[in-house]
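The figures that follow rest on heavy atoms only: side chains count, while hydrogens, waters and symmetry mates do not.
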Amino acid sequence: MELYIAGGCQEHGRNSFLIIGKPYSILVDCGISEGDNQPYPYLSKQHISKIKYLFLTHSHKDHCGGIEWLIRKGFSGNIISSEET
């Protein structure tokens with residue numbers, strides 16, 4: 001396993017942490033960074049194609065605002081969250 005930080009460290013927003021495994025990967029949060037020219041997580045199409053699960057910690061934009069973008073980029077896995085989220 002490998003942890004790839006796709007955003008959220010030393011910045012406000014864009015929280016996104018990819019756990020790369022074999023044969024699939026897991027993404028924890030997919031946030032956006034409002035006011036940024038490139039607000040979405042730093043994930044390539046190759047990264048996205050291997051994501052089987054997206055775990056959302058909560059429903060703030062900086063943790064889940066990039067879900068539609070992720071789907072447009074090819075994500076077709078399962079989204080896991082609490083009932084409130």
- Query: Do Phe17 and Tyr4 have side chains that get closer than 4.5 Å, going by heavy atoms?
  - Reply: no
- Task: Determine whether Leu3 and Met1 fall in the same hydrophobic cluster, where Ile, Leu, Val, Met, Phe, Trp and Tyr are linked whenever their side-chain heavy atoms lie under 4.5 Å apart.
- Result: yes
- Message: Nearest 0.5 Å, please: how far is CG in Leu56 from SG in Cys64?
- Response: 6.0 Å
- Interatomic distance, Ser59 atom OG to Glu84 atom CD [nearest 0.5 angstrom]: 8.5 Å
- Item | Heavy-atom pair with the smallest gap, counting every atom of Thr85 and His58 | OG1-CA, 3.6 Å
- Item | Closest contact, heavy atoms only, Gln38 versus Pro41 | NE2-O, 4.2 Å
- Message: Hydrophobic cluster membership, with links at side-chain heavy-atom distances under 4.5 Å among I/L/V/M/F/W/Y: are Ile20 and Tyr24 in one?
- Response: no
- Message: If you define the side chain from C-beta out and look only at heavy atoms, does anything of Leu27 sit under 4.5 Å from Ser16?
- Response: yes
- Taking side chain as C-beta onward, heavy atoms only, is Trp69 less than 4.5 Å from Pro39? no
- Query: In Å and rounded to the nearest 0.5 Å, what is the NZ to CD distance from Lys22 to Glu2?
  - Reply: 10.0 Å
- Query: Given Arg14, which of Ile5, Asp36, Ile32, Asp62 fulfils the side-chain contact (heavy atoms from CB on, under 4.5 Å) condition?
  - Reply: Asp36
- Atom CZ in Phe55, atom CD1 in Ile19: separation rounded to 0.5 Å? 8.0 Å
- Give a yes or no on whether Glu68 atom CD has more than 12 heavy-atom contacts from other residues, nucleotides or ligands under 6.0 Å away. no
- Message: Are Val28 and Tyr53 linked, directly or through intermediate hydrophobic residues, by side-chain heavy-atom contacts shorter than 4.5 Å (ILVMFWY only)?
- Response: yes
- Item | Non-hydrogen atoms of Gly74 and Ile48 that approach each other most closely | C-CG2, 4.0 Å
- Interatomic spacing from OG in Ser33 to OH in Tyr40 - rounded to 0.5 Å: 11.5 Å
- Task: Could you tell me the separation between the CD1 atom of Ile26 and the CD1 atom of Ile51, rounded to the nearest 0.5 Å?
- Result: 10.5 Å
- Task: Apply the side-chain contact (heavy atoms from CB on, under 4.5 Å) test between Leu54 and each candidate in Ile67, Ile80, Ile71; give the one that qualifies.
- Result: Ile67
